[in-house]
Q: 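What follows is a structure written as structure tokens; I'll ask about it next.
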Amino acid sequence: SQILALRSFNLSTATQPSSSQRKPLRVPNFIGGTFVDSQSSTAIDVINPATQEVVSQVPLTTNKEFKAAVSAAKEAFPSWRNTPVTTRQRIMFKLQELIRRDIDKLAMNITTEQGKTLKDAHGDVFRGLEVVEHACGMATLQMGEYVPNVSNGIDTYSVREPLGVCAGICPFNFPAMIPLWMFPLAVTCGNTFVLKPSEKDPGASIMLAELAMEAGLPNGVLNIVHGTNDIVNAICDDENIRAISFVGSNVAGMHIYARASAKGKRVQSNMGAKNHAIVLPDANMDAALNALVAAGFGAAGQRCMALSTVVFVGDSQQWENKLVERAKALKVNAGTVPDADLGPVISKQAKERIHRLIQSGVESGARLLLDGRNIVVPGYEQGNFIGPTILSGVTADMECYKEEIFGPVLLCMEADSFEEAIDIVNRNKYGNGAAIFTTSGAAARKFQTEIEAGQVGINVPIPVPLPFFSFTGSKASFAGDLNFYGKAGVNFFTQIKTITQQWKDLPAGSGVSLAMPTSQ
Ligand code: NAD
């Protein structure tokens with residue numbers, strides 16, 4: 001069957017690199033429960049960032065195919081919304097079991113297409129799996145409210161109903177986690193879904209769709225279409241789509257937010273970041289430095305919650321040299337090499353952009369304490385590798401500071417006081433995450449209160465909340481008002497309906513009153 005054919009494709013990427021002689025597999029769309037090859041004559045190569053081999057080709061889905069996916073989702077909605085929530089939950093229970101079963105295959109696909117280390121790719125799947133686990137409790141999460149006897153014989157209650165067809169548009173950096181932030185909650189709430197994976201690494205989404213089918217998700221409840229700007233614009237404009245979840249850059253996110261909300265859609269848009277760590281001189285030096293290295297260079301800095309800027313306060317500046325020593329010790333290699341600490345960045349263009357931003361920092365007066373630009377990884381000479389890079393003496397007017405670098409580059413700034421450090425962080429336009437390293441409870445409390453970031457870490461470098469909370473980026477890192485997952489995620493994917501009912505025997509001849517009803 002087609003599904004089995006796909007599975008063998010995934011297995012082949014898992015065991016051997018694709019050969020240049022073999023025609024690369026075209027990534028199928030997934031429409032109405034069937035994996036279908038797009039009729040589009042245009043496709044983009046999905047490239048292994050460690051080797052430059054073409055893993056597969058992703059089609060630019062035609063408008064007709066896009067409409068078919070939306071129609072499939074629309075047709076599936078009436079019976080899916082009436083499927084008992086317990087049944088929907090059981091499909092999620094099964095899906096979480098299947099994701100665990102196939103986690104190695106998913107991780108290998110992520111490493112092949114995205115480049116991150118296998119261990120990190122497991123984390124990518126696992127953090128998404130936790131959202132599936134959370135969706136297993138949807139009946140409780142979706143409960144409504146009830147006030148009996150708001151007036152004589154009248155009760156009011158509210159229920160959370162699904163919206164209809166929802167859509168998700170994904171970035172390249174978490175090929176499994178971010179699709180799993182989106183569709184499991186959406187469909188368990190009773191919606192149907194159209195997913196547009198990143199054109200750079202669509203494989204994990206296809207594997208997850210296979211697993212969702214195996215778990216018993218009915219045809220048409222989840223659909224996948226591939227492409228870039230045109231398909232995204234079609235999603236924004238389609239009158240049958242009620243809500244869009246977006247994760248990615250500010251340029252795309254603000255465009256989608258504006259275009260889709262102008263069409264009356266609900267949008268949640270998680271975007272770029274510049275996450276700061278403030279290091280106070282009283283911090284546990286060893287733990288703080290390890291955290292900075294892990295959060296600055298893990299996933300080659302391609303995490304929206306990566307710590308990309310450190311503000312050393314007072315004497316903690318003297319730790320910069322130790323930071324450099326630890327960063328130097330990291331092993332840069334293909335993600336499949338067992339002891340690799342960081343893999344390549346996603347593309348040649350990303351590598352060039354990161355090089356340019358490093359150079360701009362140097363030219364505007366920052367000190368290059370560690371330069372990862374000339375790294376060569378034996379056996380993977382073509383890979384998009386950049387070694388850990390540290391710039392010191394960075395100031396807020398530098399381009400390398402103002403732009404999100406999204407690579408293994410850590411910027412160091414210095415502040416004379418804690419207040420000055422907080423001020424630096426708050427003046428930055430982004431507000432995804434911020435962390436403090438200190439042994440002072442009072443300083444931590446002041447930081448928590450005064451810092452303008454949506455996700456705060458106290459001696460925790462990457463404070464990405466688990467799914468019973470929400471992912472609460474703020475300022476330029478988020479547009480919308482209902483965040484991803486947690487209670488806010490359920491609210492995003494549901495509409496409240498409030499019902500007022502009267503069941504009482506009205507005395508005969510009680511008459512007609514045209515005055516505004518008031519409770520009594
Ligand atoms: P991207 O914006 O280039 O792409 C994201 C999606 O938008 C893709 O599916 C792409 O096809 C589409 N797209 C891109 N440009 C578009 C345009 N002009 N019009 C319409 N659609 C467009 O982002 P990326 O490079 O894949 O991901 C990296 C970015 O995502 C970083 O900025 C990172 O901080 C951000 N990110 C944020 C979070 C978060 O939760 N805040 C999480 C992960 C990644």
Side-chain angles (χ1 to χ4, degrees), residues 27 44 46 49 58-61 66 113-116 124 127-128 131 167-182 194-202 204-205 224-237 244-260 267-275 299-308 345-347 349-351 353-354 357 403-407 428-434 453-455 462-465 467 470-480 483-486 488-489:
V27 185
I44 301 174
V46 174
V58 65
L60 299 186
T61 302
F66 166 70
E113 296 187 359
Q114 199 274 353
K116 63 179 71 175
D124 186 330
R127 292 303 295 256
V131 181
I169 301 164
C170 305
F172 78 82
N173 66 329
F174 282 100
M177 179 183 82
I178 288 177
L180 291 172
W181 279 5
M182 297 176 176
V194 177
L195 183 75
K196 206 296 282 174
S198 169
E199 64 279 12
K200 298 192 174 80
D201 43 27
S205 287
I224 299 180
V225 288
H226 302 286
T228 56
N229 300 14
D230 288 349
I231 199 92
V232 168
N233 288 337
I235 290 172
C236 294
D237 295 346
I244 299 179
S245 292
F246 170 81
V247 179
S249 66
N250 283 63
V251 172
M254 287 317 294
H255 164 73
I256 291 164
Y257 186 79
R259 186 160 176 155
V267 184
Q268 52 176 194
S269 179
N270 266 12
M271 298 175 287
K274 198 83 176 174
N275 307 306
Q302 298 175 114
R303 290 184 186 133
C304 64
M305 286 291 281
L307 280 180
S308 52
V345 297
I346 188 71
S347 64
Q349 294 83 337
K351 181 174 168 171
R353 191 180 154 277
I354 296 163
L357 285 165
E403 292 231 355
E404 181 184 32
I405 300 179
F406 224 55
N428 193 279
K429 71 172 176 177
Y430 293 110
N432 221 30
Q455 303 174 98
I462 307 185
V464 177
S470 297
F471 190 100
T472 50
S474 65
K475 292 164 73 181
S477 300
F478 180 70
N483 294 106
F484 276 81
Y485 60 77

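Numbering of ligands and ligand atoms starts at 1, following listing order. Index from 1, following the sequence.
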Q: Of the backbone atoms (N, CA, C, O) and the side-chain heavy atoms from C-beta on, which set of Glu404 has a member under 4.0 Å from an atom of ligand 1: side chain, backbone, both, or neither?
A: side chain
Q: Below the 3.5 angstrom mark, is there an N/O of Lys200, backbone or side chain, next to an N/O of ligand 1?
A: no
Q: So, Lys274 and Glu403, do they make that salt bridge, N to O below 4.0 Å?
A: no
Q: What residue and heavy atom of the protein are closest to atom 10 (C) of ligand 1, and at what distance?
A: Glu199 OE1, 3.5 Å
Q: What I want to check is whether the side chains of Asn229 and His255 have a donor and an acceptor closer together than 3.5 Å.
A: no
Q: Only heavy atoms of Asn173, strictly under 4.0 Å: list the atoms of ligand 1 that pass.
A: 43 (C), 44 (C)
Q: Under 4.0 Å, heavy-atom basis, I'd like to know which part of Asn432 is in contact with ligand 1: side chain, backbone, both or neither.
A: side chain
Q: Numbering the atoms of ligand 1 from 1, which are under 4.0 Å from a heavy atom of Lys196?
A: 8 (C), 9 (O), 10 (C), 11 (O)
Q: Taking the side chain as everything from C-beta on, heavy atoms only, tell me whether Pro197 gets closer than 4.5 Å to Ile224.
A: yes
Q: Would you mind checking which non-hydrogen protein atom is closest to atom 18 (N) of ligand 1, with the distance to 0.1 Å?
A: Asn229 ND2, 3.5 Å
Q: Look at the side chain of Asp124 and the backbone N and O of Ala176, then say whether any donor-acceptor pair between them is shorter than 3.5 Å.
A: yes
Q: Looking at atom 4 (O) of ligand 1, is any protein heavy atom nearer than 4.0 Å to it?
A: no
Q: Which is closest to atom 6 (C) of ligand 1 in terms of heavy atoms, Pro171, Ala252, Cys170, Ala350?
A: Cys170
Q: Take the angle between the ring planes of Phe484 and Trp181 and call it parallel below 30°, perpendicular above 60°, tilted in between.
A: tilted
Q: Could you tell me whether Phe406 approaches ligand 1 through its side chain, its backbone, both or neither, with non-hydrogen atoms closer than 4.0 Å?
A: side chain
Q: Side chain, backbone, both or neither: which applies to Asn270 and ligand 1 if a contact is any heavy-atom pair less than 4.0 Å apart?
A: both
Q: Can you tell me if Phe246 contacts ligand 1 (heavy atom of the residue under 4.0 Å from the ligand)?
A: yes
Q: Taking the side chain as every heavy atom from C-beta outward, state whether Ser245 and Ile169 have any atom pair closer than 4.5 Å.
A: no
Q: Below 4.0 angstrom from a heavy atom of Val232, which ligand 1 atoms are there? Numbered from 1 as shown, please.
A: 20 (C), 21 (N)
Q: Tell me yes or no: between the side chains of Thr228 and Glu199, is some donor less than 3.5 Å from an acceptor?
A: no
Q: Run down the list Gly473, Pro197, Ser249 and name the one with the heavy atom closest to atom 1 (P) of ligand 1.
A: Ser249
Q: Is the backbone of Ala306 close enough, under 3.5 Å, to the side chain of Asn275 for a donor and an acceptor to pair up by distance?
A: yes
Q: Only heavy atoms of Met271, strictly under 4.0 Å: list the atoms of ligand 1 that pass.
A: 34 (O), 37 (C), 38 (C), 39 (C), 41 (N)
Q: Does ligand 1 have any atom sitting under 4.0 Å from a heavy atom of Ile346?
A: no
Q: Hey, does His226 have a side-chain heavy atom less than 4.5 Å from the side chain of Leu60?
A: no
Q: Under 3.5 Å between any N/O of Ile169 and any N/O of ligand 1: does that happen in this structure?
A: no
Q: Show the nearest heavy-atom pair for residues Tyr430 and Asn250, with the distance to one decimal.
A: CE2-OD1, 3.5 Å
Q: Which atom pair, heavy atoms only, marks the closest approach of Pro49 to Glu113?
A: CD-O, 3.5 Å
Q: Any N or O of His255 that comes nearer than 3.5 Å to an N or O of ligand 1?
A: no
Q: Could a heavy atom of Phe174 be found less than 4.0 Å from some atom of ligand 1?
A: no
Q: Heavy-atom distances under 4.0 Å decide this one: backbone, side chain, both or neither, for Ile178 against ligand 1?
A: side chain
Q: With a heavy-atom distance limit of 4.0 Å, tell me whether Trp181 approaches ligand 1 through its side chain, its backbone, both, or neither.
A: side chain
Q: Kindly say whether Lys200 contributes a backbone atom to a donor-acceptor pair with the side chain of Ser198 at under 3.5 angstrom?
A: yes
Q: Return the option from Gly272, Gly248, Pro175, Cys304 holding the heavy atom at the smallest distance from atom 35 (C) of ligand 1.
A: Gly248
Q: Considering only non-hydrogen protein atoms, determine which one is nearest to atom 24 (P) of ligand 1 and report residue, atom name and distance to 0.1 Å.
A: Phe172 CD2, 3.6 Å
Q: So which bit of Phe471 gets within less than 4.0 Å of ligand 1, heavy atoms only: side chain, backbone, both or neither?
A: side chain
Q: Quick check: closest heavy atoms across Asn432 and Cys304, and the distance to 0.1 Å?
A: ND2-O, 3.1 Å
Q: With heavy atoms only and a cut-off of under 4.0 Å, state how Arg303 meets ligand 1: side chain, backbone, both or neither.
A: neither
Q: With side chain to side chain contact (heavy atoms under 4.5 Å, CB included) as the test, pick out the partner of Phe174 among Arg303, Gln302, Gln114, Arg127.
A: Arg303
Q: Please check: side-chain N/O of Arg353 versus main-chain N/O of Ile405, any donor-acceptor pairing under 3.5 Å?
A: yes
Q: If you measure from each non-hydrogen atom of Phe484 to ligand 1, which part falls under 4.0 Å: side chain, backbone, both or neither?
A: neither
